[in-house]
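The next block holds one structure in the form of structure tokens; read it before the comments.
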Amino acid sequence: MSENIKVSIRNLYKIFGADPKAALKHVLDGMSKADLLKQHRHVLGLRDINVDMREGEITVIMGLSGSGKSTLIRHLNRLIEPTSGEVRVDGEDVLAYDEEQLRNLRREVMSMVFQKFALLPHKTVAENAATTLKVRGVAKRDYLVEADKWLDRVGLHGYGNHYPHQLSGGMQQRVGIARALTSNSPIMLMDEAFSALDPLIRTDMQDLLLELQTELHKTIVFITHDLDEALKLADHLVILKDGYIVQQGEPQHILLNPNDPYIEDFVSDINRARVLRVRSIMTPLDGQPVPPDAHGEVDHDDTLESMIARSGGDTSHRFIVMRDGVPEGTLDMTNLVKALVPRVASDASTRRN
Amino acid sequence: MATYDFLFNSLGLRDWCDAGKSGEATLSMADLLAKAGGKTETTLFNLPFPSLDELNKACAAFAKSRDVTKGVEDAFLAAKGALRFVLDPLTQPLSWMLEFALATFEATPWWIMMPLLALVVYFASRSMRLVGFVMACLVFLAFVDHYDHAMQTLAIIFVCAFLCVLFGVPIGIAMSRNDRLQRMTIPILDMLQTLPSFVYLIPLIFLFSVTEPKLYGIAIILYAIVPVIRLTDLGIRLVDKDVIEAADSFGMTDRQKLFGVQIPLALPNIMAGVNQTIMMSLAMVVIASLVSAPGLGVLVLRGIRNLELGVGLVSGLGIVLLAVILDRVTKAALNRVNAAQQH
């Protein structure tokens with residue numbers, strides 16, 4: 001994965017209300033969201049957001065409803081204008097774009113997938129998938145070929161002539177994804193793309209996205225309120241609360257080192273064995289020789305769940321962790337069991353809403 | 001002595017009031033009655049409202065309310081020349097269109113016209129049952145010798161409804177995109193819709209000659225254009241915000257958004273507006289027979305004027321049949337649009 005920063009958000013503020021600029025001063029002076037609403041009748045949407053999104057990675061922005069995550073993603077293609085701050089795509093300041101440049105950005109660089117699919121009900125599936133090309137003025141013969149290609153790719157072969165209402169929710173969202181892929185843009189914005197789907201279909205769609213990603217290496221910004229989904233998809237996880245970033249970083253790292261009671265509470269409920277990887281809890285070799293009494297070799301990307309199955313629950317076992325065929329560390333099953341217990345157990349006193 | 005004399009006396013305006021008095025003002029019937037009947041005592045219970053007429057009694061410098069309506073009339077007559085100069089050429093095409101449509105509908109023999117109408121009905125509704133029903137109604141009307149009148153009515157409605165859509169849809173679109181325009185237009189639409197239909201005819205009679213078709217054409221269009229404007233505006237405003245956002249996110253221009261998303265998704269509402277517009281122009285075309293609009297309305301009018309009960313009732317039934325035909329056909333077309341867009 002490359003280290004190039006594709007999208008970068010700097011000091012972004014968004015305030016909703018009659019006079020956001022005046023309210024911004026109060027926020028910069030440190031006024032809280034509740035006080036701003038009570039004293040000045042302005043809603044603080046986003047406060048001092050700084051995120052770097054690397055090329056070819058999936059950046060997941062997670063938060064509960066009202067945390068500002070949907071507002072944030074709409075700043076990237078300027079469906080919402082910020083009150084202050086910077087949004088840079090490939091080093092260019094998007095906020096300085098004029099109408100023409102902005103339209104080009106939306107047509108060529110970013111495509112979006114929506115929670116409620118937002119397909120055109122009067123157009124066929126193929127026409128819907130081709131929307132992004134049609135907007136650019138591509139000839140019908142060419143855009144239908146391209147749309148068919150991507151419909152096949154998302155598993156909708158032969159549905160091109162159906163209408164959206166004839167498809168199930170999951171299939172409609174596949175059309176939504178095909179529509180975003182057809183535009184061939186390097187950046188994909190996904191606004192709670194799978195939240196409206198039922199759990200099994202949602203898992204399918206997550207797998208589909210990961211599968212497409214191994215092939216296409218897009219820069220994906222994914223919004224969700226579901227931590228399991230976030231942990232499954234994220235290369236970089238950003239946790240939002242009340243409009244500010246509580247913590248961001250590698251998901252495994254956040255899981256093992258939550259820096260805020262809010263996040264501790266959040267992560268205490270998830271199935272850690274399924275999410276945590278061997279690499280996050282192994283003891284690095286650091287030049288030490290490989291211990292001779294190991295029970296076998298494991299990949300650094302294996303989940304703890306698979307390790308428990310492999311050791312048969314025996315905590316005395318010890319494994320060598322391999323990365324690309326080279327031993328990298330050792331895994332003690334005792335450490336594994338310890339990692340399964342959250343640092344702060346879920347309990348009613350720490351739970352917040 | 002009038003009731004409100006004291007008001008002007010106490011304000012010291014007596015001189016100003018009397019200065020305007022020139023001889024004896026014309027007496028109204030009420031004045032004469034009052035003179036003949038002698039004075040009644042003014043108590044708190046029969047205190048008259050200080051209206052123009054009542055104040056005029058106390059102070060001649062006040063205008064009577066009759067002068068107000070007279071003023072409106074004079075103002076209209078003064079503006080008439082200018083209005084006519086502008087409106088006459090502007091609306092002349094309407095006369096030509098109506099004359100042409102009437103001539104065409106009359107000149108086309110019935111054995112061409114009826115299959116043609118059946119074809120139109122079929123393409124609008126794709127329903128043979130409806131075609132059968134429409135044909136049955138037309139055959140009945142023709143059988144009782146109301147065919148010519150019905151065709152005249154139909155010709156007028158076609159022209160007027162077409163023009164209503166032609167102007168109403170763009171106005172509705174403009175309203176949906178501009179809140180201020182919407183706020184300004186809605187009171188005008190309210191007025192057009194609630195003004196008694198006869199009142200439309202009064203200023204038009206002054207402006208244009210009664211022999212010109214555009215006189216009733218304008219009256220019908222003004223009355224019937226309201227629903228198509230309203231429902232176009234509403235329909236476009238009701239288009240799913242998520243779809244609009246998606247259209248924006250893919251970089252659609254305003255024009256692509258309007259023709260590719262907003263109008264197609266608003267089409268069910270626009271069609272409902274067209275249906276209403278056609279029904280309202282049918283209502284108006286009957287009243288417009290007062291100002292020489294041909295068609296079934298003329299027969300209704302004859303029924304009223306000459307107390308020919310049968311003529312009035314049969315032509316009334318003919319209008320009902322036309323209304324049912326037009327309503328069913330436009331609703332069938334509307335349902336087809338709806339079926340294509342269900343979510």
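Being a predicted model, the structure only gives us computed values, none of them experimental.
Interface with chain B: from residues 108-117 of chain A, residues Met110(A), Ser111(A), Met112(A), Phe114(A), Lys116(A) qualify, criterion being any non-hydrogen pair under 4.5 Å. When the heavy atoms of residues 244-255 of chain B are compared with those of chain A, the residues falling under 4.5 Å are Glu245(B), Ala246(B), Asp248(B), Ser249(B), Phe250(B), Gly251(B), Met252(B), Thr253(B), listed by number. At a heavy-atom separation below 4.5 angstrom, chain B is approached by Arg74(A), Asn77(A), Leu79(A) within residues 68-90 of chain A.
Under a 3.5 Å cut-off, the side chain of His122(A) and the backbone N or O of Gly260(B) do form a donor-acceptor pair.
Within 6.0 Å of atom CZ in Arg153(A), more than 12 heavy atoms from other residues, nucleotides or ligands are found, so the atom counts as buried in its surroundings. Atom CZ of Arg10(A) has more than 12 heavy atoms from other residues, nucleotides or ligands within 6.0 Å. Heavy-atom neighbours of Asp98(A) CG from other residues, nucleotides or ligands within 6.0 Å: above the threshold of 12. Around OH of Tyr159(A), the count of heavy atoms belonging to other residues, nucleotides or ligands within 6.0 Å does not exceed 12. The 12-atom threshold is exceeded at CZ of Phe16(A), counting heavy atoms of other residues, nucleotides or ligands nearer than 6.0 Å.
Looking at Thr131(A), the atoms closer than 4.5 Å to chain B (heavy atoms on both sides) all sit in the side chain, from C-beta outward.
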List, one per line, each side-chain donor-acceptor pair under 3.5 Å for residues 160-178 of chain B, sequence neighbours excluded.
residue	atom	partner	partner atom	Å
Ser176(B)	OG	Ile173(B)	O	2.7
Asn178(B)	OD1	Arg180(B)	N	3.0
Asn178(B)	OD1	Leu181(B)	N	3.2

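Residues Val243(B) and Leu119(A) approach most closely at CG2-O, 3.9 Å, considering heavy atoms. Nearest heavy-atom pair, Arg107(A) versus Gln256(B), reported as atom, atom and distance to 0.1 Å: NH2-OE1, 3.2 Å.
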